[in-house]
Amino acid sequence: MPIESNPVMMCVNKDLLEKEGVSIPDSNWTLEALYAICQKVTKDTNGDGLIDQYGITDYTWKQALVAYNGHLRNQSGVNVDSAEMHQALSFISKLTSLNQRYKVTSNNFDEGKVAFYPMSLAQYRTYKPYPYHVAKYSRFSWTCIPMPAAKAGIPATQVKTSLFAMSSKTKQDKLAWEFMKLLCQNQKTQQNLFEKSQGTSVLLSVVKSSQTKKILQADDFGLNSLTSQRLDHMMKHSVLDISRDVDYHSLERIDHLLENALKNNEIDSRLPSIQREMEETGK
C-alpha cells in the first residue's frame, strides 16, 4: 500500500530565462525546446572568452530514456541496446557539448548561473544553496514544471513511491491492515505526513487541500514556485521510476558503462557490447 511519493521535477531559474528573453516552458514541453533554450542561454556573459552561464545540470541518461518512452527491461531481460537508449544518449551528448567540456554542477545552479535543474520533490523541499548565505533564497526566483519529453503526451516525470506491505506470517493481520490503512488512507495522517516529511501524499484530497497549498506557498523560492495544482498535474502525468526495472548492482554497472561510452563518444559502438555483457552476467 503506497504511503508517500517523490516525483522528479524540472526546476527553472525564472530570472535567468527572463533576462535572456525566454518564456517559461509549459507542461507539455519537449526535448527540442529544452535543447533550444539551453543553446540560447549557454554563453560567456562577462567577455573573458569562457562560458559562465549554462543550460542544465544533473540531467541523466535515465531521464532522457524515459523522455523517449524507453525502458531498461523487455520480455527477454535488460535491454540496453535499444533505439530509445541510442536516442537518449545522443541527446545527452548534444546537451553536454554545449558546455565545451565543462562539468556543470548544482553549485552553479545555486549561484544563479544555470537555467534548469532536475530535482526531486524531497530535494526541493529541503533545498539549501551552498555556500549558505544570510539571504539564502534571494539570489533568483524559480519555479517547477514537469520533465520534458521527446514528444508532447509522453509522461516523462518519474516518481518513486514508498510502500507498506504486510508479512504473510503476521499473527495480527487485521490489526496490521488497520494500521496500514491509518497510515496510507487516513486524510489527517497523510496531511501530517506532508507537513513533516519531504515527499507528497498519495491522497489526491491532501495534495489539493488548503493546508497543502499554504505549505507550498510558505517557501522562500518565489511566488508560486510550486503550487498544489501543478504538483497534482505532475503526479497525474507521471511514470514509475525507471530504476526499478533492474537491481541496484546492475544499475550501477550500466550507469558506469554508459557514462564511459558518453565520455569517450562511443555511444553506437559500445551499446551492443554493454548489452552482451549484461546478458552474460544473467541480468
Side-chain angles (χ1 to χ4, degrees), residues 8-13 15-25 29-70 72 80-119 140 142 145-152 154 156-158 242 251-275:
V8 174
M9 318 169 293
M10 185 67 84
C11 292
V12 185
N13 183 328
D15 292 352
L16 191 153
L17 291 194
E18 182 178 351
K19 180 186 72 171
E20 298 296 339
V22 178
S23 300
I24 303 295
W29 68 313
T30 63
L31 294 181
E32 182 181 5
L34 171 63
Y35 181 80
I37 295 173
C38 289
Q39 187 177 41
K40 182 172 183 178
V41 305
T42 301
K43 60 175 61 174
D44 165 22
T45 64
N46 57 22
D48 64 1
L50 299 174
I51 293 175
D52 59 358
Q53 179 174 282
Y54 312 94
I56 193 166
T57 183
D58 287 1
Y59 187 73
T60 69
W61 62 265
K62 291 183 283 290
Q63 292 159 353
L65 180 60
V66 171
Y68 282 101
N69 203 26
L72 271 176
V80 178
D81 188 20
S82 64
E84 293 84 5
M85 182 67 86
H86 281 263
Q87 291 172 310
L89 295 182
S90 294
F91 182 72
I92 292 288
S93 181
K94 218 168 101 173
L95 273 181
T96 304
S97 66
L98 292 174
N99 306 320
Q100 297 181 0
R101 297 186 178 182
Y102 177 77
K103 183 173 176 57
V104 187
T105 69
S106 58
N107 285 348
N108 297 125
F109 182 82
D110 297 344
E111 295 165 353
K113 297 178 179 179
V114 183
F116 299 111
Y117 183 8
M119 188 182 294
F140 56 91
W142 53 339
I145 58 178
M147 296 292 284
K151 296 180 181 179
I154 296 176
T157 298
Q158 296 181 83
I242 197 172
L251 186 63
E252 273 200 328
R253 183 60 179 161
I254 293 170
D255 190 58
H256 173 71
L257 294 170
L258 293 182
E259 289 297 333
N260 282 341
L262 282 167
K263 182 179 179 180
N264 298 319
N265 197 25
E266 298 175 341
I267 297 170
D268 292 331
S269 61
R270 287 288 292 135
L271 281 182
S273 62
I274 295 174
Q275 177 68 40

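For the numbers below, each heavy atom of this structure counts, side chains included, while hydrogens, waters and symmetry mates do not.
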| task | Could you tell me which residues satisfy side-chain hydrogen bond (donor to acceptor under 3.5 Å, both in side chains) with D48, sequence neighbours excluded, listed by chain and number? | result | none
| remark: Taken in chain and number order and not counting sequence neighbours, the residues that satisfy side chain to side chain contact (heavy atoms under 4.5 Å, CB included) with A261 are R270
| field | Minimum heavy-atom distance between A115 and L17, given as atom pair plus value | value | CB-CD2, 3.9 Å
| field | Partners meeting ring-ring contact (aromatic ring centres under 6.0 Å, His included) with F109 (sequence neighbours left out) | value | Y117, F140, W142
| request: State which residues pass side-chain hydrogen bond (donor to acceptor under 3.5 Å, both in side chains) with S90; sequence neighbours excluded, sorted by chain then number. | output: none
| query | At their closest point, which heavy atom of L89 faces which heavy atom of I267, and how far apart are they? | reply | O-CD1, 3.4 Å
| request: Output all residues satisfying side chain to side chain contact (heavy atoms under 4.5 Å, CB included) with Q39, sequence neighbours left out; order by chain, then residue number. | output: Y35, L98
| remark: By side-chain hydrogen bond (donor to acceptor under 3.5 Å, both in side chains), H256 pairs with (sequence neighbours left out) N260
| query | Taking atom CD1 of I37 and atom OG1 of T42, what is their separation to the nearest 0.5 Å? | reply | 11.0 Å
| field | Listed once per pair and sorted, the salt bridge (charged side-chain N to carboxylate O under 4.0 Å, His left out) pairs that draw on residues 92-103, sequence neighbours left out | value | none
| said: The criterion is side chain to side chain contact (heavy atoms under 4.5 Å, CB included); which residues satisfy it with T96, sequence neighbours excluded? | reply: I92
| Which residues satisfy the ring-ring contact (aromatic ring centres under 6.0 Å, His included) test with W61, sequence neighbours excluded? | none
| message | Suppose the criterion is salt bridge (charged side-chain N to carboxylate O under 4.0 Å, His left out): which pairs have a residue in residues 55-65, not counting sequence neighbours? | response | K62-D255
| note | Taking every heavy atom of V8 against every heavy atom of Q63, the minimum-distance pair comes out as CG1-NE2, 3.9 Å
| Roughly how far apart are N108 CG and Q53 CD, rounded to 0.5 Å? | 11.0 Å
| Got a sec, which residues hit salt bridge (charged side-chain N to carboxylate O under 4.0 Å, His left out) with E20, two or more places apart in sequence or on another chain? | K43
| Sequence-distant partners of Q87, side chain to side chain contact (heavy atoms under 4.5 Å, CB included), two or more places apart | Y68, E84
| For Y54 and I51, which heavy atoms make the closest approach, and how far apart are they? | OH-O, 2.9 Å
